[in-house]
Structure formats: C-alpha cells, structure tokens
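For reference, the structure discussed in these notes is given below.
The structure presented is a predicted model; accordingly, all values stated were derived computationally and were not measured. Values below: every heavy atom of this structure, side chains too, minus hydrogens, waters and symmetry copies.
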Amino acid sequence: MNSGKAVNLPCLFSPYSLFDRQPVLPYNNKNSRSENPERIIMRKQSFIEKLIEGSLNQKELTISDLPHNRRQVYKHLILNRFGTLFSVGFFNALFWLPLFGWYYFSGFYVMEKLKSSDPSQVAELLGNLMFLEYGTMVPLFCIGALGLAGMFYVIRRMCWGESVSLVHDFKKGIKQSWKQFLLIGFLFGVAVFILEYLLHQYSLKLYESALVNVMLYAGTIIIYLLAMMQLIFAFPMSSLYWIGNFSLFKGSISFTFRYFPKNLLIFLISLFPFLVFIMLPSVLFRFIGILVFLLFGAMHTAVIWTLYSHSVFDKHINRQDYPDYVNKGINPLEEQAESNNDK
C-alpha cells in the first residue's frame, strides 16, 4: 500500500490515522519516566523550545487532571500546549501571507484608481477592478488552504492526546489531504469573489424599494454564511477520513442543516471575536484584526471546529464504523472506567 490510505473499506469514511505509524502517547505516560525522580536531569530549554514544547518543569498529571470531556480538552490545550498551538498557527499563517499582502496592495490600487476616474465610468470599471482585486486572490486562497491541511492534521492529533512532531506532522497533513483542501480553497476563493462583486453591484444599482435592497443584501450574506458553516465539518472530515469529493460536500451540507442552530453558535463563538476588528472601516484596525486572526484566531478556530465536529462524527460515523475513535482523547473518570470494565 504505497499511498498509506485506506483501500476497499466498506465505509466511505476511512480514517487516515489507521495508517499512521507515529507512536500514540497518552497525556500521562508514567512508564516513560524514571522510577527514581532524583535521577531525572532537566535540560535547559531555550525560549523557542519552551514556546513549542511547553515547559518541562511541570507536575506529573493524575487521572483527575486529564480532560474528561471536550471542553476540558480545549482548556487543556490552551493552558498546557499553547506554545505548540501558536507554532502550528504560525506555520499556517506563512501560507496565507501572499493573500494577506495582495489584499492590501490590490485594495490600495483599486481605491486610487477609483479616485482618479471619472464618476460616470466607475460602474464600467468596477467589474474589471473587482476581478483584479478578488478574482486574482483565488489561487492565493488555494495556497492558504494547504496550510490549513497541515494545521488541522496536527490539531487533530493534539485533540486526541497523540504525540506531535510539528514539522513532520504538518507536512504529513498536507501530503494526505492537499487535493481536497486545494479544492475547498478554490471554491472558497470563488465564493469570496462572487460575494464582493454582488455587494458592490448592489451598492451601485439601488432599487427604489428598500425591501428589495434589504432582501438582496440579506439573501447574499445568508447564502455565504451557510457556505462558510460547511467548513466546520469539511476541513476536519477531509483531514480525518478517506472520502470522495461528492461525499465530503454531501456530508458537510447534511451536518450543516441538521445542526444549524448549534453550528451557528459554534461559528460565532470561534470567529466573531476576531471578525469584529476585520469588519471595522479603519484600515489600521482591519490590518491588526487580520494579523491577530492569522496568528491566534485560525488555530483557536481549528481547535473548536475539530472538537465540535468530532462529537458529531462520533454520533453518525464512528459509533457504528470506528468505535475506537468514539470520545478519543477524552479520559474517563476512574469510577466510570471501573464500571465499564465490570460490564
């Protein structure tokens, strides 16, 4: 099996991790430490090592310290593995820098072009300028999506309590899912271009009826929001399962509408704090907002989407086809574990 992926399995959703050869390390691996703590010699860590690995001078975790639900997994990652999260977020941000730079360069060019143009020619120029600014961003969205492939793979391993070799696993995530993430990035870039073009067209062609204008704006934004919400499931699903493109989008759409109220809440919780700055009219605040989102918001969003989507996958996919993956990364309490063993 050269590709390292599932072949001829009965389920459409075949987990990549069945073929991962990385050792799985629990949060607390007592056997990996010396029985005599006095013989342990702590090496001195540099600032970068502390940022990526976390401090080695941490207490030994007990069963009660381990995460027993997905909220505690989130808390554990933020408090104990923030350095690794920041690092994987930084790696992902590098893939989005071309889009980030082009967004501001093309934006300033379009503004200056419109200022120097005859007002009667603005509508005529708008289509070409919108294509120049947003149409040319589509390939850059594809490049950024490759970073998301690596980030979602690393974060999935972290959520499952597995060992992470940052550079190796980031590259492995890209190698496994680059085709589908590239496709998602392309479609997302096209959606952004269409949204921006329509909103600018609406601003130039206002209808006499205010209701028509409101319906056009609201309808466009709602459709775009629904498309965005599908990413909550599409990214983690593509990173976890061997699945065709049609099944990927079909499953994402199905989960989006089936859990719409909860999806909307998760979407707002994960993105809203960062989008507030991006939606402000000030260029400086927008610049800061995008920069903060690239460094912190993207990895924060990926953690929330991974934990939430896996809870949905447990109900509809894993419980029937992959029971070993149900609640993976969540450690049962001692009492629950004993009662399950008794059964």
Side-chain angles (χ1 to χ4, degrees), residues 85-114 126-155 170-171 173-175 177-200 220-221 224-225 227-232 234-236 238-239 267 270-303 305:
L85 288 176
F86 177 80
S87 300
V88 72
F90 177 78
F91 279 18
N92 170 65
L94 295 178
F95 286 79
W96 291 94
L97 284 180
L99 177 63
F100 182 65
W102 178 250
Y103 172 74
Y104 277 94
F105 174 79
S106 61
F108 282 122
Y109 175 80
V110 168
M111 288 175 59
E112 293 300 320
K113 190 70 174 176
L114 290 176
L126 186 62
N128 293 333
L129 292 175
M130 286 297 98
F131 178 80
L132 173 66
E133 184 175 5
Y134 293 100
T136 52
M137 287 183 184
V138 174
L140 303 181
F141 273 105
C142 295
I143 295 174
L146 295 179
L148 293 178
M151 181 174 68
F152 270 91
Y153 178 80
V154 173
I155 286 179
F170 195 90
K171 289 167 61 178
I174 295 176
K175 185 178 180 180
S177 332
W178 70 271
K179 290 183 181 179
Q180 284 188 333
F181 273 81
L182 205 66
L183 176 61
I184 295 172
F186 173 79
L187 295 176
F188 184 72
V190 171
V192 170
F193 168 61
I194 293 174
L195 173 72
E196 292 292 339
Y197 181 80
L198 289 177
L199 293 180
H200 280 80
T220 304
I221 292 174
Y224 182 73
L225 180 63
M228 284 280 292
M229 289 172 60
Q230 293 178 40
L231 301 180
I232 296 176
F235 285 142
S238 178
S239 179
F267 185 81
S270 59
L271 288 176
F272 186 75
F274 304 98
L275 292 180
V276 168
F277 289 94
I278 297 176
M279 292 185 294
L280 292 175
S282 170
V283 176
L284 177 61
F285 279 110
R286 198 180 304 166
F287 179 87
I288 295 173
I290 294 176
L291 192 61
V292 171
F293 180 77
L294 285 177
L295 293 177
F296 300 99
M299 61 87 171
H300 171 263
T301 300
V303 170
W305 287 9

Original post:
Which pair of non-hydrogen atoms, one from Ser238 and one from Ser177, has the smallest distance, and what is that distance?
Top reply: O-OG, 3.6 Å
Original post:
Which distance, rounded to the nearest 0.5 Å, do you find between the CZ of Phe188 and the SG of Cys142?
Top reply: 12.0 Å
**OP:** Just say parallel, tilted or perpendicular for the rings of Trp305 and Phe235, cut-offs at 30° and 60°.
**Re:** parallel
**OP:** Please check if the distance between the ring centroids of Phe105 and Trp102 is under 6.0 Å.
**Re:** yes
Subject >> Proximity of Phe86 and Phe296 rings by center, below 6.0 Å >> reply: yes
Subject >> Backbone N/O of Gly144 and side chain of Trp96: donor-acceptor pair under 3.5 Å >> reply: yes
Subject >> Trace of the side-chain contact (heavy atoms from CB on, under 4.5 Å) decision for Leu195 with Val192 >> reply: CA-CA 5 Å; Leu195 173 72; Val192 170; 5.7 Å; no
**OP:** Under the ring pair (Phe, Tyr, Trp, His ring centres under 6.0 Å) rule, collect the residues that match up with Phe100, sequence neighbours excluded.
**Re:** Tyr104, Phe287
Subject >> Candidate pair Phe267 and Leu225, rule side-chain contact (heavy atoms from CB on, under 4.5 Å), full reasoning >> reply: CA-CA 9 Å; Phe267 185 81; Leu225 180 63; 3.3 Å; yes
**OP:** Check whether any side-chain heavy atom of Gln180 sits under 4.5 Å from a side-chain heavy atom of Ser239, and report yes or no.
**Re:** no
**OP:** Measure the shortest side-chain to side-chain distance between Phe293 and Leu271 over non-hydrogen atoms and say whether it is less than 4.5 angstrom.
**Re:** yes
Subject >> Minimum heavy-atom distance between Pro236 and Leu231, given as atom pair plus value >> reply: CD-O, 3.8 Å
Subject >> Evaluation steps, side-chain contact (heavy atoms from CB on, under 4.5 Å), between Phe181 and Ile174 >> reply: CA-CA 9 Å; Phe181 273 81; Ile174 295 176; over 6 Å; no
Subject >> Approximate separation, where rounding is to 0.5 Å, of Leu182 CG and Leu187 CG >> reply: 10.0 Å
**OP:** Please list, chain by chain and in numerical order, all residues satisfying ring pair (Phe, Tyr, Trp, His ring centres under 6.0 Å) with Phe91, sequence neighbours excluded.
**Re:** Phe170
Original post:
Does Leu148 offer a backbone N or O that forms a donor-acceptor pair with the side chain of Asn92 under 3.5 Å?
Top reply: yes
**OP:** Drop me the distance from Gln230's CD to Ile184's CD1, to the nearest 0.5 angstrom.
**Re:** 10.0 Å
**OP:** Could you tell me the separation between the OG atom of Ser106 and the CG atom of Leu140, rounded to the nearest 0.5 Å?
**Re:** 9.0 Å
Subject >> Those residues that, when tested against Tyr134, pass ring pair (Phe, Tyr, Trp, His ring centres under 6.0 Å) (two or more places apart) >> reply: none
**OP:** Would you name the heavy atoms of Phe141 and Gly185 that are closest together and state the gap between them?
**Re:** CB-O, 3.4 Å
**OP:** Report yes or no: does Thr301 contribute a side-chain atom to a donor-acceptor pair with the main-chain N or O of Gly297 at less than 3.5 Å?
**Re:** yes
Subject >> Distance (rounded to the nearest 0.5 Å) between Leu294 CG and Leu97 CG >> reply: 7.0 Å
**OP:** May I have the step-by-step check of side-chain contact (heavy atoms from CB on, under 4.5 Å) for Val303 and Leu85, ending in yes or no?
**Re:** CA-CA 9 Å; Val303 170; Leu85 288 176; 3.8 Å; yes
Original post:
Shortest non-hydrogen contact from Met299 to Ile155?
Top reply: O-CD1, 3.8 Å
Original post:
What pair of heavy atoms forms the shortest contact from Met151 to Ala302, and how long is it?
Top reply: CE-CB, 3.8 Å
Subject >> Greater than 12 external heavy atoms within 6.0 Å of Tyr224's OH >> reply: yes
Subject >> Leu198 CG to Phe193 CZ distance, which is reported to the nearest 0.5 Å >> reply: 9.0 Å
